[in-house]
Amino acid sequence: MPDGKWLLVTGGAKRLGRAVALEAAPRWNVAVHYRDSKAEADETLSVLRGKGAEARAVQCDLERDDPAKLIADCGVALSALVNAAAIFEHDEIGAIDEAGFARHMKINALAPSQLMGAFAKQLAPGARGAVVNFLDFKLAAPYPDHFSYTLSKYALSGATEMAARALAPNVRVNAVAPGYVLPAPGQSDADHQRLHAQTPLKRGTTAEDVARAVVFLLEADAITGQTLYLDSGLRFAAPERDFMFR
């Protein structure tokens with residue numbers, strides 16, 4: 001059983017957030033954040049409890065609700081935070097929608113930054129904590145697709161380094177930058193594997209690869225302000241467009 005350590009994973013009911021939650025258990029108890037995916041959150045709780053961890057689900061709309069309330073609604077003293085929740089909608093520089101741009105910035109950059117601040121405030125005096133933010137491999141080799149999304153991840157990258165300095169010594173702040181990992185909704189397994197083979201390592205990054213890296217950073221007491229790329233070398237291939245167009 002975990003030694004009373006609680007981890008909050010935003011977007012923890014699905015996809016990479018869920019993978020992180022499952023990898024962290026049973027060394028960590030897990031608060032699973034969700035917006036609309038209550039059924040998926042409940043199923044994730046069942047798996048976490050089966051692994052020997054305590055678990056609870058916490059609902060919050062990161063676009064409209066106060067992120068500080070999410071921290072409070074966990075109802076426990078948190079030792080770690082993983083900002084995995086994000087939106088990923090396509091636009092290009094010639095057709096930027098103001099509302100869509102603002103939505104990406106709110107959910108992908110502002111909310112995680114507010115959560116980091118609220119997380120740090122809830123730590124007991126003298127307690128240490130850790131944060132891991134989700135970035136994107138394309139920050140190292142940007143291409144023009146998903147313009148607003150990418151700018152929001154650049155903002156979160158800067159926030160990661162700023163927070164690592166601002167919240168030291170009590171809170172370490174790091175990030176992971178995954179490459180192409182999970183299939184898009186409706187994508188065939190054959191097409192998913194075809195795209196995975198296009199990395200320099202000729203293998204795709206898996207959700208388990210990413211989750212293990214996140215847990216490593218949560219527990220690596222000497223590391224802060226770092227970004228760990230998990231892309232099987234894809235950034236060196238400098239793709240010109242997103243994988244959805246290949």
Side-chain angles (χ1 to χ4, degrees), residues 1-87 107-108 111-124 127-134 170-176 178 181-182 185 206-221 228 230:
M1 290 289 290
D3 187 20
K5 298 188 303 181
W6 277 91
L7 161 67
L8 167 62
V9 182
T10 69
K14 298 193 296 185
R15 296 178 70 82
L16 292 181
R18 183 179 188 274
V20 170
L22 298 185
E23 179 67 26
R27 296 198 302 276
W28 295 79
N29 299 314
V30 185
V32 175
H33 158 261
Y34 70 97
R35 185 186 65 180
D36 301 317
S37 306
K38 185 179 186 305
E40 292 90 341
D42 289 342
E43 190 275 334
T44 302
L45 297 189
S46 177
V47 178
L48 290 169
R49 289 165 181 159
K51 290 167 69 74
E54 294 185 52
R56 57 184 62 189
V58 190
Q59 193 278 334
C60 180
D61 183 335
L62 293 177
E63 182 180 9
R64 296 178 175 83
D65 299 336
D66 180 3
K69 186 175 182 296
L70 170 58
I71 298 292
D73 285 349
C74 289
V76 293
L78 295 169
S79 296
L81 165 68
V82 173
N83 281 311
I87 61 169
I107 296 172
N108 294 1
S113 297
Q114 293 173 316
L115 284 168
M116 288 191 283
F119 167 75
K121 287 181 180 178
Q122 62 87 53
L123 286 173
R128 300 274 177 144
V131 176
V132 176
N133 295 320
F134 267 69
N170 292 333
V171 180
R172 295 182 302 101
V173 183
N174 293 291
V176 291
V181 181
L182 296 173
T206 68
E208 292 73 23
D209 291 331
V210 177
R212 284 193 293 268
V214 170
V215 174
F216 164 74
L217 289 173
L218 290 177
E219 298 175 346
D221 291 339
L228 185 57
L230 296 132

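The first residue of the sequence shown is numbered 1, and numbering continues consecutively from there. Hydrogens, waters and symmetry mates are skipped; everything else that's a heavy atom, side chains included, is used.
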Open item on the list: Please check: side-chain N/O of H33 versus main-chain N/O of V9, any donor-acceptor pairing under 3.5 Å?
Closed with: no
Task: Donor-acceptor contact present, side-chain R56 to main-chain C74, <3.5 Å - done: yes
Task: Partner of N133 by side-chain contact (heavy atoms from CB on, under 4.5 Å), out of L81, V82, L217, V173 - done: V173
Task: Distance in Å, L48 CG paired with E54 CD, rounded so as to fall on 0.5 Å steps - done: 11.5 Å
Task: Sidechain-backbone polar pair: R128 side chain, R172 backbone, donor-acceptor under 3.5 Å - done: no
TODO: Kindly give the heavy-atom pair with the smallest separation between G17 and A84, and that separation in Å.
DONE: CA-CB, 4.0 Å
Task: Inter-residue atom distance Y34.OH - T44.OG1, 0.5 Å rounding - done: 11.5 Å
- [ ] Identify the two heavy atoms, one from A13 and one from V32, that lie closest to each other, and give their separation to 0.1 Å.
- [x] N-CG1, 3.6 Å
- [ ] Calculate, to the nearest 0.5 Å, the distance between atoms CZ and CG belonging to R35 and D65 respectively.
- [x] 10.5 Å
TODO: Using modelled atom types only, decide if a donor and an acceptor are shared between the side chain of D73 and the backbone of L70 within a distance under 3.5 Å.
DONE: no
Task: Where V30 and A24 come nearest, the two heavy atoms and their spacing - done: CG2-CB, 4.5 Å
- [ ] Examine distances only and state if a side-chain atom of Q122 and a backbone atom of L78 form a donor-acceptor pair shorter than 3.5 Å.
- [x] yes
Task: Straight-line distance of T206 OG1 to L16 CG, nearest 0.5 Å - done: 9.5 Å
Open item on the list: For a quick test of reading the model, state the closest non-hydrogen atom pair linking G11 to A85 and the distance between them.
Closed with: N-CB, 3.7 Å
- [ ] Could you tell me which non-hydrogen atom of C60 sits nearest to which non-hydrogen atom of D66, and how far apart they are?
- [x] SG-O, 4.5 Å
- [ ] Measure the spacing between CG of N174 and CG of L218 and express it to the nearest 0.5 Å.
- [x] 9.0 Å
Task: Worked check of salt bridge (Lys or Arg N to Asp or Glu O under 4.0 Å) between E40 and R15 - done: CA-CA 10 Å; E40 292 90 341; R15 296 178 70 82; over 6 Å; no
Task: Value rounded to 0.5 Å, distance of OG1 in T10 from CG in N83 - done: 4.5 Å
TODO: Taking S79 for its side chain and K5 for its backbone only, find out whether a donor-acceptor pair lies under 3.5 Å.
DONE: no
Task: Under 3.5 Å donor-acceptor, N108 side chain and I87 backbone - done: yes
Task: R212 side chain vs E23 backbone, donor-acceptor pair below 3.5 Å - done: no
TODO: Would you name the heavy atoms of A21 and G12 that are closest together and state the gap between them?
DONE: CB-O, 4.4 Å
